[in-house]
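Side chains are part of it too, since the values below use all heavy atoms of this structure and drop only hydrogens, waters and symmetry mates. First listed ligand is number 1; within each ligand, the first listed atom is number 1. Here the structure is a predicted model, which is why all the values come from computation and not from measurement.
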Amino acid sequence: MSKQIGGKVAVVTGGGQGIGRAISLRLAKDGADVAVLDLKLENAEAVAKEVEALGVKAMALQVDVVDRERVVAVMDEVAEKWGKIDILVNNAGLGLFNPFFEVSEEEMDLQFNVNVKGLVFSMQAAASHMIKQNSGKIVNLASQAGRRGEALALSYCMSKAAVISVTQSAGLALAPHKINVNAVAPGVVDTPFWEAVDKKFAKLMDLPEGEPKRQAVAGIPLGRIEQPEDVANVVSFLAGPDSDYVTQQCYNVDGGNWPS
Ligand SMILES: NC(=O)c1ccc[n+]([C@@H]2O[C@H](COP(=O)([O-])OP(=O)(O)OC[C@H]3O[C@@H](n4cnc5c(N)ncnc54)[C@H](O)[C@@H]3O)[C@@H](O)[C@H]2O)c1
């Protein structure tokens, strides 16, 4: 694999497992030093070890992306230790699912706080360093859920549609600084996230566990579940030099699942 981003500094939020882990490892293979940020420090540390084993530098930092002061502090720490931030991947996120009449104010607040406000805080904090070098790449994790509504996923869909929107606004705001802001919209990805979704949907739909996931995968035109590496491949493109003329975009990486 070519070292297309050798010498670059990448920050991945929610890098401790699932898609964030795959992205951290892929950016490391591409040559970047990677700061792995997560709510769960132990998981971030484990991924940082895997990153180091690929021959680049790694650091693990605990952060709740909702905590704006802490987000600023960790971005400052990365920039101070490694001199700059070139790439930010906003991957930290959670999914809350309930029937329409049971969606509470607390659920909407938490969903929006983590998936949208935390992502904006992270963009602001990282971009304040990118601006100094007049370059940078930001990649946000949207979802097919941001492309259309789902009866049992109102608050999650709301938050991911907002991710697509803030990607456009931030892309325009940061374009004069040569900072590209793009997003990816994955489909049904084989991570601990979907294990939890399956359990929740099984309960809500009165189906046996495993059945919601089986049905979701059966509908994917490319005929298989998505792997975290499928997402990481496109993030690698958006973090690297081949996407220098791409900004404000959201790439579907979903096996053709939307629209279908
Ligand atoms: N799995 C899917 O099918 C799928 C599909 C589309 C989009 N996505 C999105 O991709 C991203 C990663 O998904 P995943 O499947 O790997 O999820 P996951 O639940 O397996 O991992 C999410 C990671 O984010 C961390 N995290 C959660 N809240 C955080 C916070 N407040 N601050 C810092 N870290 C936090 C978790 O600790 C965890 O390590 C999410 O934004 C998710 O919405 C996932």
Side-chain angles (χ1 to χ4, degrees), residues 11-26 35-48 50 60-71 73-75 88-97 109-123 125 139-148 150 153 155-164 166-167 183-201 212-213 216-217 219-220 224-232 234-235 250-255 257-258:
V11 176
V12 181
T13 71
Q17 68 180 35
I19 297 171
R21 171 182 169 272
I23 290 169
S24 299
L25 297 178
R26 175 57 195 261
V36 183
L37 277 44
D38 206 284
L39 205 49
K40 298 175 191 154
L41 182 60
E42 256 185 40
N43 291 355
E45 284 172 342
V47 173
E50 291 184 272
L61 294 164
Q62 197 280 336
V63 69
D64 179 346
V65 293
V66 171
D67 181 346
R68 193 176 203 166
E69 274 182 31
R70 178 69 186 146
V71 169
V74 292
M75 297 298 175
L88 167 69
V89 183
N90 271 314
N91 165 83
L94 58 85
L96 303 170
F97 304 95
D109 284 349
L110 179 59
Q111 191 69 94
F112 200 81
N113 284 345
V114 176
N115 290 7
V116 186
K117 275 165 65 175
L119 177 142
V120 174
F121 296 159
S122 302
M123 285 200 288
V139 187
N140 294 327
L141 266 288
S143 168
Q144 65 179 14
R147 297 291 197 189
R148 41 73 175 145
E150 289 179 45
S155 57
Y156 183 65
C157 292
M158 165 194 80
S159 74
K160 292 300 185 181
V163 169
I164 296 171
V166 299
T167 297
V184 289
V188 181
V189 192
D190 205 3
T191 71
F193 178 98
W194 240 97
E195 294 308 311
V197 174
D198 178 73
K199 279 196 177 69
K200 180 77 187 196
F201 278 6
K213 190 174 178 182
V217 173
I220 299 172
R224 67 165 172 83
I225 195 165
E226 184 167 353
Q227 294 303 318
E229 290 72 20
D230 293 313
V231 185
V234 180
V235 172
C250 179
Y251 280 64
N252 296 336
V253 189
D254 62 3
N257 214 24
W258 183 89

Can you list the steps and then say if Lys160 with Val116 is a side chain to side chain contact (heavy atoms under 4.5 Å, CB included)?
-> CA-CA 8 Å; Lys160 292 300 185 181; Val116 186; over 6 Å; no
Please lay out, stage by stage, how Val66 and Val114 fare under the test side chain to side chain contact (heavy atoms under 4.5 Å, CB included).
-> CA-CA 6 Å; Val66 171; Val114 176; 3.7 Å; yes
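Taking the six-membered ring wherever Trp is involved, the centroid distance between the rings of Phe201 and Tyr156 does not fall below 6.0 Å.
At a 4.0 Å heavy-atom cut-off, the residues surrounding ligand 1 are Gly14, Gln17, Gly18, Ile19, Asp38, Leu39, Val63, Asp64, Val65, Asn91, Ala92, Gly93, Val114, Leu141, Ala142, Ser143, Tyr156, Lys160, Pro186, Gly187, Val188, Val189, Thr191, Pro192, Phe193, Trp194, listed by chain and number.
In this structure, the separation between CG on Asn91 and CG on Leu141 is 4.0 Å, given to the nearest 0.5 Å. Atom CG of Asp109 is separated from atom CG of Leu96 by 11.0 Å, given to the nearest 0.5 angstrom.
Shown here are the ring-ring contact (aromatic ring centres under 6.0 Å, His included) partners of Phe121, two or more places apart in sequence or in another chain: there are none.
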